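One structure is given below, encoded as structure tokens.
What you see is a predicted model, and the numbers here were worked out from it, not measured in a lab.
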Amino acid sequence: MANVQKARKGDLPSLRHIIRNSGVFNDEEQAVAIELVEAALNKEQEDKDYKLLTATRDGGSVVGYICYGPTPMTEGTWDVYWIIVSARNRGRGLGRELLRGTEAAIRKQGGKRVIIDTSTQTSYLAARALYESCGYRAVATVPNYYKTRWHRVTFYKKL
Ligand SMILES: CC(C)(COP(=O)(O)OP(=O)(O)OC[C@H]1O[C@@H](n2cnc3c(N)ncnc32)[C@H](O)[C@@H]1OP(=O)(O)O)[C@@H](O)C(=O)NCCC(=O)NCCS
């Protein structure tokens, strides 16, 4: 069984490893994901813009994470910025647990709705399926946002 909990500073090497080996992100995307994780683990940033939950299994090893935070200049809107489950642990419900844990944490802090932006590219098919299976609805598309034929899709869920 997996556990979902707040990330700790010592998780950084595992998180970097998960990002570098996701099989989905190019170098630039990996760099941004790592920057975000570092910002979220930074003490001054803690409990501010970026929050991190990790999924751990068995011996406590980190096998996935989710990064989210309150959307600036909104009332009750939160963003999920990134979610990754390590390749060998996919398809076991960990992504769903991370998303559910995030929703519970957002609710606790008075959040009313969650937004997730993603791309229509094939390699994000699992992510889109995860969001839909957790009750998110695609509410907007920006054509060719990431590059030609890679549109941005915004998923939305009212909590
Ligand atoms: C997206 C991701 C986090 C899903 O994590 P996961 O732990 O494998 O997902 P779960 O096992 O919790 O799946 C929950 C539901 O999502 C859907 N789903 C997940 N992976 C799927 C896939 N490959 N194909 C179709 N549906 C899928 C299913 O509806 C599934 O429910 P089911 O198993 O009852 O059918 C994982 O595939 C991943 O890390 N992908 C690479 C990183 C990425 O694309 N991140 C998102 C962009 S930032």
Side-chain angles (χ1 to χ4, degrees), residues 1-7 11 14-26 28-30 32-34 36-37 40 49-72 74-159:
M1 266 309 282
N3 290 310
V4 170
Q5 62 275 301
K6 264 177 94 165
D11 294 333
S14 310
L15 295 171
R16 281 204 192 107
H17 181 81
I18 289 169
I19 291 165
R20 290 199 176 113
N21 295 283
S22 77
V24 172
F25 304 118
N26 63 29
E28 186 188 359
E29 291 161 341
Q30 287 177 33
V32 174
I34 289 171
L36 216 51
V37 159
D49 300 341
Y50 303 118
K51 297 164 188 297
L52 274 189
L53 296 179
T54 55
T56 52
R57 294 197 64 204
D58 314 324
S61 55
V62 176
V63 293
Y65 81 94
I66 188 164
C67 181
Y68 67 100
T71 311
T74 68
E75 272 182 26
T77 301
W78 287 61
D79 259 271
V80 167
Y81 297 112
W82 226 291
I83 179 170
I84 311 181
V85 170
S86 75
R88 70 169 65 164
N89 286 287
R90 289 178 193 157
R92 297 175 175 180
L94 296 178
R96 180 175 284 140
E97 283 190 44
L98 281 166
L99 206 45
R100 280 201 182 137
T102 298
E103 291 168 4
I106 292 173
R107 261 194 214 101
K108 231 171 157 177
Q109 294 181 73
K112 304 275 185 251
R113 61 201 76 79
V114 183
I115 295 293
I116 314 178
D117 281 326
T118 192
S119 164
T120 55
Q121 71 195 77
T122 317
S123 54
Y124 289 3
L125 188 147
R128 295 193 301 275
L130 167 68
Y131 307 148
E132 278 169 0
S133 88
C134 289
Y136 289 75
R137 201 156 50 86
V139 291
T141 302
V142 182
N144 306 311
Y145 179 84
Y146 294 103
K147 66 184 212 183
T148 305
R149 285 191 292 279
W150 288 6
H151 315 316
R152 185 180 81 184
V153 184
T154 300
F155 282 87
Y156 165 91
K157 182 174 179 177
K158 185 174 178 298
L159 296 181

With heavy-atom distances below 4.5 Å as the criterion, would you say the side chains of [X] and [Y] are in contact?
X      : Y      : result
Arg88  : Val63  : no
Ile66  : Leu52  : no
Tyr65  : Val85  : no
Ile115 : Thr154 : yes
Thr118 : Tyr131 : yes
Gln30  : Ser22  : no
Leu130 : Ile83  : yes
Val62  : Leu15  : yes

Please test Thr54 against Leu98 for side-chain contact (heavy atoms from CB on, under 4.5 Å), starting from the C-alpha separation and ending with a verdict.
CA-CA 7 Å; Thr54 55; Leu98 281 166; 5.7 Å; no

Considering non-hydrogen atoms only, spot the tightest contact between [X] and [Y] and give its length.
X      : Y      : answer
Val153 : Ala138 : CG1-CB, 3.7 Å
Tyr68  : Leu53  : CE2-CG, 3.9 Å
Arg90  : Ile84  : NH2-CG2, 4.2 Å
Pro70  : Trp78  : N-CE3, 3.4 Å
Arg96  : Ser133 : NH2-OG, 3.0 Å

In sequence, state the C-alpha distance, the side-chain angles, and the governing distance for Asn89 and Ser86, and then conclude on side chain to side chain donor-acceptor pair (under 3.5 Å).
CA-CA 5 Å; Asn89 286 287; Ser86 75; 2.8 Å; yes

Between Tyr156 and Tyr136, does a side-chain contact (heavy atoms from CB on, under 4.5 Å) hold up when you go through it step by step?
CA-CA 5 Å; Tyr156 165 91; Tyr136 289 75; 5.8 Å; no

Indicate yes or no for a side-chain donor-acceptor contact from [X] to the backbone of [Y] under 3.5 Å, with no hydrogens or angles considered.
X      : Y      : value
Arg128 : Gln121 : yes
Asp79  : Tyr81  : no
Asn21  : His17  : yes
His151 : Asn144 : yes

Strictly by side-chain hydrogen bond (donor to acceptor under 3.5 Å, both in side chains), give each pair with a member in residues 105-114 just once, sequence neighbours left out.
Thr77-Arg113

Evaluate the criterion side-chain contact (heavy atoms from CB on, under 4.5 Å) for residue pair Val114 and Ile106; output intermediate values, then yes/no.
CA-CA 9 Å; Val114 183; Ile106 292 173; 3.9 Å; yes

Listed by chain and number, what are the side-chain hydrogen bond (donor to acceptor under 3.5 Å, both in side chains) partners of Tyr146, not counting sequence neighbours?
none

Given the side-chain rings of Tyr50 and Trp82, with only the six-membered ring counted for Trp, is the space between their centroids under 6.0 Å?
no

Please determine whether side-chain contact (heavy atoms from CB on, under 4.5 Å) holds for the pair Arg20 and Ile34, giving the CA-CA distance in whole Å, both sets of side-chain angles, and the decisive distance to 0.1 Å.
CA-CA 9 Å; Arg20 290 199 176 113; Ile34 289 171; 3.9 Å; yes

Rounded to the nearest 0.5 Å, what separation is found between the CD atom of Glu97 and the CG atom of Asn3?
8.0 Å

